[in-house]
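Being a predicted model, the structure only gives us computed values, none of them experimental. Quick note: residue numbers are just sequence positions, from 1.
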Amino acid sequence: MSVDVIVAGGGPVGLLTAALLDAAGVSVEVLERKAGRSELAKATTMHPRTLEVLTLLRTEDDRRLSDLLVALGHPLPQAHFAVLPAGLDYTRLDTPYPFVLMVPQTTTEQVLADHLRRRGIPVHYGHDVTAFTQTADGVRVTVNGRVREAGYLVGADGARSLVRRQAGIDFRGTPPSMVGFVADVTLTDPPDGVVHHWDHRHGQLSVIPLPDGNHRVFGTEAADTGLTPDQVRARQAQAPTVDALRANLRRMTGGDHGLREVRWQSTANDTTRHAAKYRSNRVFLAGDAAHVHLPAGGQGLNVGLQDAANLAWKLAAEIHGWAPAAITEGAAGYESERAPVAAELAGNTLAQAALMTTFTPAGAALRDLMSALIAKGGETADDLAGRLSGLGLSYAPPAPGHPLDGCRAPDLALADGTLHRRLAVDRFLLADFTPGAVFTPLGSARVEVARALPWSGLSAALIRPDGYIARAWTAPDVEEVAAAVRAWTTPRP
């Protein structure tokens, strides 16, 4: 076979999957149906957990891809939930990236594509995957009428995924009931900062600054809600116009803010679906191929990129022969961990849709109530910030243990550096909090031991390649820690 893995889809999720697999020593190539990279900004919101994931990848001069994107983006201190008046404060989050980064998808793709090019990883544009068959030891993929072979196939080919359909995987969910609009525009008289307008008589409209000085405008007209699926399709078949956008701006804000140029505009709906399976033998799904929803809170791209981070180290371990059953087909497997994330994502975006588009006096009252709860701070605001930022996600541990098992590891202080910049896709990191560094002998090709400054009363914590705590301990029992290390890095006999 030519490579270990073929990735179908050259968007951000496919490119990141390839980059992480390459970092783990896996041979990979990317096949993209379109003739070149998209020139459309599309997703523009990057949340803190995604930036932490991108810290795994470094350039030749040891800069991280997260560093490159932060330099190219525009940080905002708050995120919104359902464009409520009260924002979610990210400045208090325990992360190196306590902000929302506004960065166009085109920039994200460019940074990832440049990284792959420097690494010599082929990204083939104009290569249309039209079919595949699985064998006992690989996948035969038909591309532009020819067959390419690989050990595995990752479908990161979007909401209309050919890979998902060919694998016979159901895409269940709810049909659309509304249509929203989105555009990137040049304004000569822009509002000051981020603004969200909501009026139960007319609809909702938001204006957010972009890094290049232009603005993202999005919203929903009241008349475009409560539709049947057929009405949604008919509405989206109508090409959006500049006049309609200018009318929306005037109706919602009292003026058009000097709308001079529409660089791109499109529509969106609240179709909500997620795949019944994330793996079919040697075929995997990631990103929009596995889940679609209303783009509320800028979560879609972020969850897709975090799919890639979860999948890549596990698939690499399987290919290299050191994956235990727990991460190939068990409780810590890709599907077991990421399918619940998609289900939660579907729920919270539908809830946001209800808050954003219930254009009635009752809807206004509900928005006022939710906004007041967020403004008070406390558990509600913290929970929502954790959901949107990705920092609140934890995975159910395969077996009972310490309360921190399965939680995201913060950027802990090490004796020489910080945790996130020591993580690697091809190995675990054992943080040793003991004064005498008693766990040093447990280091191996699959486990790096790093001395860490005291944290949370722990003696040791085994950190997965994707930054989550596999096991944590409060007592310095070397044999118990060694047994856990073996369980996470040794295949079943």
* For side chain to side chain contact (heavy atoms under 4.5 Å, CB included), just list the numbers for Asp4 and Tyr152, CA-CA rounded to whole Å, side-chain angles, deciding distance to a tenth of an Å, and then say yes or no. => CA-CA 6 Å; Asp4 294 320; Tyr152 297 85; 5.8 Å; no
* Asked: Which is it for Arg92 and Asp382 under the salt bridge (Lys or Arg N to Asp or Glu O under 4.0 Å) test, yes or no, and what are the steps along the way?
  -> CA-CA 10 Å; Arg92 299 183 300 108; Asp382 290 346; 3.4 Å; yes
* Asked: Is there a side chain to side chain contact (heavy atoms under 4.5 Å, CB included) between Thr108 and Leu69 once you walk through the steps?
  -> CA-CA 7 Å; Thr108 301; Leu69 285 166; 4.1 Å; yes
* Asked: So Tyr468 and Leu393, side chain to side chain contact (heavy atoms under 4.5 Å, CB included) or not? Walk me through it.
  -> CA-CA 10 Å; Tyr468 290 86; Leu393 173 66; 3.6 Å; yes
* For Thr267 and Gln236, what are the C-alpha separation, side-chain angles and deciding distance, and is it a side-chain hydrogen bond (donor to acceptor under 3.5 Å, both in side chains)? -> CA-CA 7 Å; Thr267 60; Gln236 290 194 278; 2.8 Å; yes
* Report the C-alpha distance between Val182 and Val217 in whole Å, list the side-chain angles of each, state the deciding distance to 0.1 Å, and finish with yes or no for side chain to side chain contact (heavy atoms under 4.5 Å, CB included). => CA-CA 6 Å; Val182 58; Val217 176; over 6 Å; no
* Kindly indicate, with the supporting measurements, whether the criterion side-chain hydrogen bond (donor to acceptor under 3.5 Å, both in side chains) is fulfilled by Asn302 and Gln306. => CA-CA 6 Å; Asn302 290 269; Gln306 291 163 43; 4.7 Å; no
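Look at Glu448 and Arg427 and you find a salt bridge, because one of the NZ, NE, NH1 or NH2 atoms lies within 4.0 Å of a carboxylate O, short of that distance. Between Arg279 and Glu335, no side-chain nitrogen of the basic residue sits less than 4.0 Å from a carboxylate oxygen of the acidic one, so the salt-bridge criterion is not met. The pair Lys314-Asp466 fails the salt-bridge criterion, with no side-chain N (NZ, NE, NH1 or NH2) lying under 4.0 Å from an Asp/Glu carboxylate O. We find that Glu337 and Arg464 are joined by a salt bridge, their nearest charged nitrogen and carboxylate oxygen being less than 4.0 Å apart. A salt bridge links Asp114 with Arg117: the distance from a Lys NZ or Arg NE/NH1/NH2 to an Asp or Glu carboxylate oxygen falls below 4.0 Å. A salt bridge links Arg421 to Asp67: one of the charged nitrogens lies within less than 4.0 Å of a carboxylate oxygen. At a threshold of 4.0 Å, the pair Arg471-Asp405 counts as salt-bridged, since one of the basic side-chain nitrogens sits closer than that to a carboxylate oxygen.
Put simply, OH on Tyr395 and CD1 on Ile469 are 13.5 Å apart, with the number rounded to the nearest 0.5 Å. Within the model, atoms OG of Ser66 and CZ of Arg58 stand 11.0 Å from one another, a figure rounded to the nearest 0.5 Å. Note that CG of Asn310 and CG of Leu315 are 11.5 Å apart. Values are rounded to the nearest 0.5 Å. Taking CZ from Arg273 and OG1 from Thr174, the interatomic distance works out to 7.0 Å, rounded to the nearest 0.5 Å. For the atom pair Lys42 NZ and Arg216 CZ, the distance stands at 11.0 Å (nearest 0.5 Å). For the atom pair CG (Leu56) and CG (Leu65), the distance works out to 9.5 Å, reported to the nearest 0.5 Å.
Gln134 contributes a side-chain N or O that, together with a main-chain N or O of Arg282, makes up a donor-acceptor pair within less than 3.5 Å. A donor-acceptor pair is defined here as one N or O able to donate and one able to accept, closer than 3.5 Å; no such pair exists between the side chain of Asn269 and the backbone of Pro176. At least one donor-acceptor pair closer than 3.5 Å links the side chain of His402 to the backbone N or O of Leu404. Asp22 contributes no side-chain N or O that, together with a main-chain N or O of Thr17, makes up a donor-acceptor pair within less than 3.5 Å. No donor-acceptor pair closer than 3.5 Å links the side chain of Asp411 to the backbone N or O of Pro96. The main-chain N or O of Val341 is never found under 3.5 Å from a side-chain atom of His274 such that the two would form a donor-acceptor pair. In terms of modelled atom types and a separation under 3.5 Å, the side chain of Glu329 and the main chain of Ala325 share no donor-acceptor contact. When atom types are taken as modelled, the side chain of Asp307 and the backbone of Gly287 share a donor-acceptor pair closer than 3.5 angstrom. Judged by distance alone, the side chain of Arg446 and the main-chain N or O of Arg486 form no donor-acceptor pair under 3.5 Å. A distance-only check finds a donor-acceptor pair linking the side chain of His127 to the backbone of Tyr125 [under 3.5 Å].
Put simply, the side chain of Thr55 reaches to within 4.5 Å of the side chain of Tyr97, judged on heavy atoms. Between Gln78 and Val100, every side-chain heavy-atom pair lies at or beyond the 4.5 Å cut-off. Annotation: side chain of Leu453 is not in contact with side chain of Leu414 (no heavy-atom distance under 4.5 Å). Contact check for Val70 versus Leu51: side-chain heavy atoms found under the 4.5 Å cut-off. Contact check for Trp488 versus Pro398: side-chain heavy atoms found under the 4.5 Å cut-off. No side-chain heavy atom of Pro211 sits under 4.5 Å from any side-chain heavy atom of Leu72. Taking 4.5 Å as the limit, every side-chain heavy atom of Glu261 sits out of range of all side-chain heavy atoms of Val185. In this structure, the side chains of Leu345 and His291 come closer than 4.5 Å at one or more pairs of heavy atoms.
Side-chain contact, Gln105 with Thr44: no donor N or O sits under 3.5 Å from an acceptor N or O. Between the side chains of Asp128 and Thr130, not a single donor N or O lies within less than 3.5 Å of an accepting N or O. With no hydrogens or angles considered, no side-chain donor-acceptor pair links Asp184 and Gln265 at under 3.5 Å. Between the side chains of Thr349 and Gln299, not a single donor N or O lies within less than 3.5 Å of an accepting N or O.
Considering every non-hydrogen atom in both Ala19 and His115, the closest pair reads CB-CD2, 3.9 Å. Gln352 approaches Gly297 most closely through the heavy-atom pair OE1-N, 3.9 Å. When all heavy atoms of Val163 and Ala8 are compared, the pair lying nearest together is CG2-CB, 3.9 Å. Among all heavy-atom pairs drawn from Pro48 and Tyr90, the shortest one is CD-CE2, 3.5 Å. Looking at every heavy atom in both residues, Val141 comes nearest to Phe132 through CA-CB, 4.1 Å. Taking each heavy atom of Ala316 and Ala24 in turn, the nearest pair found is CB-CB, 3.5 Å.
Just one of Leu15, Leu16, Val28 meets the side-chain contact (heavy atoms from CB on, under 4.5 Å) condition when paired with Leu116; it is Leu15.
Applying the 6.0 Å contact sphere to CZ of Arg37 captures more than 12 heavy atoms from other residues, nucleotides or ligands. Around CZ of Arg146, the count of heavy atoms belonging to other residues, nucleotides or ligands within 6.0 Å does not exceed 12.
Ring to ring, Tyr334 and Tyr278 are close: their centroids are under 6.0 angstrom apart. Between Phe428 and Trp313, the distance separating the two ring centers is shorter than 6.0 angstrom.
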